[in-house]
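Note that ligands are numbered from 1 as they come in the structure, with each ligand's atoms numbered from 1 the same way. Quick caveat, the model's predicted, so the values are computed rather than measured.
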Amino acid sequence: MNRPYGITVSRHIMDSQRLHPKATGELSGLLTELIVAAKTISAEVNMAGLADILGMSGDVNIQGEYVQKLDEFANTTIKRRMANCGYICIMASEEEADAIPATEGCEGKYTLAFDPLDGSSNIDVNVSIGTIFSIHRADTDGKSAGSESDLLQKGSKQVAAGYIIYGSSTMLVYTTGEGVHGFTLDPSVGEFYLSHSNIKMPEKSKYYSVNEGNTRYWTEELLQYVNYLKDEDRATGRPYSARYIGSLMADFHRNLIAGGIFLYPRDKKSPIKSTGKLRLLYEAAPLAFIAEQAGGRAITDDGRDIMGIQPTSLHQRVPLIIGSKHDVDMAEKFLCGKKKKEDNLKG
Ligand code: P6P
């Protein structure tokens with residue numbers, strides 16, 4: 001079968017760099033190193049069912065979650081490769097309590113925040129999982145150590161963001177602020193080929209993604225919005241269909257390609273979810289950058305733009321409403337009390 005001789009991700013990165021005469025190539029180098037780590041993780045994830053790596057490692061991470069062995073492998077793979085790459089000065093990982101400095105003498109001008117393997121609770125049941133990354137420019141001379149404050153920057157300051165989803169195929173989706181582009185891995189040659197150029201999220205969708213097992217813990221406004229989606233009104237394409245996989249990567253990627261709205265609001269089920277479950281630095285902010293670059297939106301459940309939130313801690317959680325612009329706009333009206341379900345009964 002003729003292999004697709006399309007654009008490789010390396011060529012796409014270099015083509016993008018050539019558009020910026022002042023570019024030093026450090027961001028290209030950083031992305032290239034991250035992609036090597038992703039290929040390594042992909043090979044391991046795809047073998048998970050065969051190797052004895054499946055199952056729990058017995059450890060517990062900063063989030064208080066049992067760490068799956070693949071989590072550890074992914075975290076270690078990224079940390080080791082990026083600490084010595086010479087392009088970053090400090091890192092934050094979902095799996096580590098504290099910031100991770102670059103190896104002394106290998107400091108660069110960027111910072112990296114990452115979730116090494118989001119959705120890891122789905123590993124043993126073969127559901128798509130993913131690595132999420134967010135890159136900022138540090139406030140340093142580009143040769144010295146970074147500090148935690150270099151990591152605590154608004155999403156609007158991101159230089160690049162992306163994810164690798166390990167699913168029926170392994171895909172890399174990333175943005176450097178010039179659109180969103182998707183690459184599919186051909187494992188037989190170990191190369192990512194451009195498969196989704198300039199992805200645009202459908203403005204309006206027919207899917208909503210939320211864990212309805214938490215309904216009793218939601219605010220009244222959220223309940224009103226979700227019930228609105230379930231009402232029948234052909235003119236506005238309702239009722240929507242429910243699609244919730246329980247893996248942020250799988251749910252977000254489907255919504256990016258096919259359209260949809262994903263909601264993980266604050267709920268009263270447990271104290272740690274009083275500000276939502278998902279983390280700002282390495283989940284909400286990078287996905288918000290991608291969503292906005294693809295024409296979508298990302299807000300909190302009280303209407304604040306995710307990209308405008310000033311982080312105060314590495315593992316800060318935020319409520320996340322993200323997806324097709326029309327749907328997030330409508331959710332915002334309900335959540336900010338500007339719209340009620342019965343308003344629509346009046347036509
Ligand atoms: P719940 C997976 O554990 C995760 O962090 C995300 O990938 C996913 O969207 C969310 O939690 C699912 O949470 O409470 O619905 O199981």
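- The existence of a salt bridge linking Arg297 and Asp329 is confirmed by a sub-4.0 Å separation between a basic side-chain nitrogen and an acidic carboxylate oxygen.
- Note on residues 250-282: pairs passing ring pair (Phe, Tyr, Trp, His ring centres under 6.0 Å), not counting sequence neighbours, are Tyr163-Phe252, Tyr163-His253, Tyr282-His315.
- Nearest approach of Met82 to Ile88, heavy atoms of both residues: O-CG1, 3.4 Å.
- Side-chain contact of Arg81 with Thr40: a donor-acceptor pair under 3.5 Å is absent, judged by distance alone.
- Screening residues 109-157 for ring pair (Phe, Tyr, Trp, His ring centres under 6.0 Å) gives no qualifying pairs among residues at least two apart or on separate chains.
- Connectivity analysis of hydrophobic side chains (ILVMFWY, heavy atoms under 4.5 Å, direct or indirect) links Met307 to Phe289.
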Starting from the N and O atoms of ligand 1, collect every protein N/O partner closer than 3.5 Å and put each pair on its own line with the distance to 0.1 Å.
| unit_1 | atom_1 | unit_2 | atom_2 | d |
| --- | --- | --- | --- | --- |
| ligand 1 | 7 (O) | Asp118 | OD2 | 2.6 |
| ligand 1 | 7 (O) | Leu248 | N | 2.8 |
| ligand 1 | 9 (O) | Leu248 | N | 3.2 |
| ligand 1 | 11 (O) | Lys277 | NZ | 3.0 |
| ligand 1 | 13 (O) | Lys277 | NZ | 3.0 |
| ligand 1 | 14 (O) | Tyr264 | OH | 2.6 |
| ligand 1 | 15 (O) | Asn211 | ND2 | 2.9 |
| ligand 1 | 15 (O) | Tyr244 | OH | 2.5 |

